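Because the structure is a prediction, the values reported are computed rather than measured.
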Amino acid sequence: MAKIGRFKNEQAKSDYLRAYDELAAQWPVPATVLDIETSFGTTRLRKSGNGEGAPIVLLPGMPGMGLFWMPFIEEMAREHVVYTVDPMGWAGRSEQTAPLKGQDDIVRWLVEVFDGIGAEQVHLAGYSGGSWLSLLFASQRSDRLASITMLEPDAASFLKPKWGLLFKFLLGGIRPTREKMEKFLEWMTPGGETLRGDVDSDVGRVEVPHRDAVVAATARRAVGQGHRTDAGAVRGDDDRQ
């Protein structure tokens, strides 16, 4: 049964929000914080930049939040309006009040977010798990997209991941510590630079919507042909550790 995500306890909540706010204070460009009300709760967005045309909407990798895009926002926001999103049910300052029960709910949530910012169409881009969210949205509501960009889409966007990969994620999430998270992120992105807040903000609060595989044929139909398709059953069971 789908659940509403929660902190483990009040101390975990306090620690997480403190780390989040410390990282947010380092945002390198002027920005407006927005809280968009949806059927599933309040979604936190950060609006940066100025420009004409459809805005850019950025979705982070799982289980991250909009601050993930900090190293890139200055360049991206020079000529465009850019919204970074704390996905509903993931780590971040979005507040979930109703469960996401499946793929239709996830798409509905994003539609309500786009309506909330007054955008008829957006350039939707996602990294890793955010790519999967982007693909899922494109499979049902390509009419709301000016473009879709998938950055390093995770394997589950197209194929069923191997148990060995899932086991790595499981080990990383059991009693998370800074040291364990650093080792896990190094394994995920060898040689990459990790922001301090990326680690601290993920310890103590994790929300992972489980999902079935979205096959490559769905991507071709959604993006190539530009019409509504059925991406298959996707569960939205949310259980923040």
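Remark: side-chain polar atoms of Asp86 are not paired, donor with acceptor, to backbone N or O of Met65 under 3.5 angstrom. Ser134 contributes no side-chain N or O that, together with a main-chain N or O of Leu124, makes up a donor-acceptor pair within less than 3.5 Å. Side chain of Ser147 to backbone of His123: no donor-acceptor contact under 3.5 angstrom is found. Proximity of a side-chain donor or acceptor of Ser14 to a complementary backbone N or O of Glu10 within less than 3.5 Å is not detected. Without hydrogens or angle criteria, Tyr16 side chain to Gly92 main chain gives a donor-acceptor distance under 3.5 Å.
By the 4.5 Å heavy-atom criterion applied to side chains, Pro28 and Met70 are counted as neighbours. Between Val82 and Lys47, every side-chain heavy-atom pair lies at or beyond the 4.5 Å cut-off. Side-chain contact between Met150 and Leu135 is present, with heavy atoms from C-beta onward closer than 4.5 Å.
Arg93 has a carboxylate O that lies under 4.0 Å from a charged side-chain N of Asp21, or vice versa, which qualifies the two as a salt bridge. A salt bridge between Arg144 and Asp115 is present, with a side-chain N of the basic residue lying under 4.0 Å from a carboxylate O of the acidic one.
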Open item on the list: Val107 vs Leu136, test: side-chain contact (heavy atoms from CB on, under 4.5 Å). Steps then yes/no.
Closed with: CA-CA 7 Å; Val107 171; Leu136 174 60; 4.0 Å; yes
Open item on the list: Using side-chain contact (heavy atoms from CB on, under 4.5 Å), reason through Met62 and Leu133 one step at a time and then give a plain yes or no.
Closed with: CA-CA 10 Å; Met62 182 179 66; Leu133 292 177; over 6 Å; no
Open item on the list: Please determine whether side-chain contact (heavy atoms from CB on, under 4.5 Å) holds for the pair Ile56 and Val122, giving the CA-CA distance in whole Å, both sets of side-chain angles, and the decisive distance to 0.1 Å.
Closed with: CA-CA 6 Å; Ile56 299 171; Val122 305; over 6 Å; no
- [ ] Begin with the C-alpha distance, continue with both residues' side-chain angles, and end with the deciding distance and a verdict on side chain to side chain donor-acceptor pair (under 3.5 Å) for Tyr20 and Asp15.
- [x] CA-CA 9 Å; Tyr20 182 103; Asp15 291 344; over 6 Å; no
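The structure places OG of Ser48 at 10.5 Å from CD of Glu74, a figure rounded to the nearest 0.5 Å. To the nearest 0.5 angstrom, Leu151 atom CG is 5.5 Å from Ser131 atom OG. Once rounded to the nearest 0.5 Å, the distance linking CD1 of Ile4 with CE of Met88 reads 10.0 Å.
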For residues 29-43, dump all side-chain donor-acceptor pairs below 3.5 Å to protein atoms at least two apart in sequence or in another chain.
from, atom 1, to, atom 2, distance (Å)
Asp35, OD1, Arg44, NE, 2.6
Asp35, OD1, Arg44, NH2, 3.4
Asp35, OD2, Arg44, NH2, 3.4
Glu37, OE1, Thr42, OG1, 3.0
Glu37, OE2, Thr42, OG1, 2.9
Thr38, OG1, Phe40, N, 3.2
Thr38, OG1, Gly41, N, 3.3
Thr38, OG1, Gly41, O, 2.8
Ser39, OG, Arg108, NH2, 2.9
Ser39, OG, Glu112, OE1, 3.2
Ser39, OG, Glu112, OE2, 2.8
Thr43, OG1, Trp109, NE1, 2.8

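In summary, the side chains of Asp104 and Gln140 do present a donor paired with an acceptor at a separation below 3.5 Å, with no hydrogens or angles considered.
Using the six-membered ring where Trp is involved, Phe72 and Trp69 have ring planes that are perpendicular, over 60° apart on the 30 and 60° scheme.
With sequence neighbours excluded, the residues that form a ring pair (Phe, Tyr, Trp, His ring centres under 6.0 Å) with Phe137 are Phe114.
Counting all heavy atoms, side chain and backbone alike, Tyr83 lies closest to Pro55 at CE1-CB, 3.7 Å.
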